[in-house]
Amino acid sequence: LSVAAFPEKDDEGNLKQIIVTFHDISDRIRLEKMKSEFISTVNHELRTPLTSIAGSLSLIVNEVFGKIPPQIEQLVSVAHRNSLRLTHIINDLLDMDKLAAGKVSFDMREHAVVPILKRAIEDNRNYQRERQIDLVFIDRPELTHIRLRCDEQRLMQVLSNLLSNAIKFSPDRGQVQIDCQFSEERTDQVKITVTDQGTGIPIEFHKRIFQKFSQVDSSDVRQRGGTGLGLAISRELIERMGGSIGFTSVVGQGSCFYIVFPIANTSP
Ligand code: ADP
């Protein structure tokens, strides 16, 4: 039951009457619950067979059981890539649903920042090679001992998403740079940046970019694929871990997405 009270005052400001409304929202709650259960059942039912399809295709593509003719290799590669893409979409939908329901738990521990950055790069290695992107990691010795208190998998998921977006919206053979420095404002924070020389983001889209299912409305963006969920999930994950996320962008020149995260240790 949802109850709301609306006081009404006369011209002198004296309380005249209070209107109290009662709404039976049990149907709405039941519907919400059904929707959430439906999403999670469908997603699990889809994910299990897809995982085995992607796994089998990956064994064939990587020629674990012997060499395959180039034409077949090409076809299987396309199927493999698409199975991974579908898995990605399903994982995003599941994550969004779990975040909305408050069902995501974070395994917060201290982790060195540099290996996390390197692993996020490795996650995108195939995509980077495919698009012939020059992926540059700025190695800074002063960061070697820096640790962040975070859920390692979740932070990598966000960085990997920022990197794959940067690659996706870059021109072929463009450059993507990942860097991490002490924040300019505060010495107890780091700022991780992913910078591309891609399409950039139109100013009218800046306010909506972190909303669910939002994508720049252009045939170019639709052609590049995606769900419009990645950044919404990323923001939620980063904020729940105590950091913040933002970006700057100039159309036609590129974008720079950044994460500001508190440092866990002040000495090595
Ligand atoms: P997806 O990439 O799956 O569409 P995201 O939430 O990650 O979903 O991104 C939402 C939208 O923001 C993208 O569709 C694109 O329009 C825009 N966008 C995100 N990152 C970039 C980038 N680096 N350069 C240009 N546009 C971007």
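All ligand and atom numbering here is 1-based and tracks the order in the structure. All figures in this text were calculated on a predicted structure; none of them were measured in a lab.
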If you count heavy atoms of other groups shown closer than 6.0 angstrom to CZ of Arg125, is the number above 12?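 It does: Arg125 CZ has more than 12 such atoms within range.
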
Leu15, CG: over 12 other non-hydrogen atoms inside 6.0 angstrom: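 Counting neighbours around CG of Leu15, more than 12 heavy atoms of other residues, nucleotides or ligands fall under 6.0 Å, so yes.
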
Look at atom 24 (N) of ligand 1 and find which of Phe169, Phe213, Phe247 reaches it with the closest heavy atom.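 Ranked by closest heavy atom to atom 24 (N) of ligand 1, first place is Phe169.
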
Those atoms of ligand 1 less than 4.0 Å from some heavy atom in [X]:
{"X": "Phe205", "value": "12 (O)"}
{"X": "Leu229", "value": "6 (O), 8 (O)"}
{"X": "Thr199", "value": "25 (C)"}
{"X": "Ile201", "value": "25 (C), 26 (N), 27 (C)"}
{"X": "Gly200", "value": "25 (C)"}
{"X": "Ser255", "value": "24 (N)"}

Location of contacts on Asp92 toward ligand 1, heavy atoms closer than 4.0 Å: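 It is neither part, as no heavy atom is under 4.0 Å.
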
Where's the contact between Leu231 and ligand 1, heavy-atom distance under 4.0 Å: side chain, backbone, both or neither?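 For Leu231, backbone and side-chain atoms both sit under 4.0 Å from ligand 1.
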
Within-shell test, [X] vs ligand 1, heavy atom, strictly < 4.0 Å:
{"X": "Gly228", "answer": "yes"}
{"X": "Phe210", "answer": "no"}
{"X": "Ser170", "answer": "no"}

Evaluate salt bridge (Lys or Arg N to Asp or Glu O under 4.0 Å) for Glu122 paired with Lys118, printing each intermediate quantity in order. CA-CA 6 Å; Glu122 281 319 305; Lys118 287 190 173 161; over 6 Å; no

Quick one, Phe210 and Ile245 - any side-chain contact, counting heavy atoms below 4.5 Å?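 Side-chain contact under 4.5 Å: yes.
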
Can you list everything that forms a salt bridge (charged side-chain N to carboxylate O under 4.0 Å, His left out) with Asp107? Sequence neighbours excluded, please.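 Testing Asp107 for salt bridge (charged side-chain N to carboxylate O under 4.0 Å, His left out), a comparison that skips the adjacent residues, returns Arg109.
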
In terms of relative ring orientation, are Phe257 and Phe247 parallel, tilted or perpendicular, with 30° and 60° separating the classes?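 The arrangement is parallel - the two ring planes meet at less than 30°.
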
Could you verify whether a donor N or O on one side chain and an acceptor N or O on the other, from Asn91 and Gln157, lie under 3.5 Å apart?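 Checked: Asn91/Gln157 side chains show no N/O donor-acceptor pair below 3.5 Å.
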
With hydrophobic residues grouped by side-chain heavy-atom distances under 4.5 Å, do Leu84 and Val61 end up in a single group?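 Hydrophobic grouping puts Leu84 apart from Val61.
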
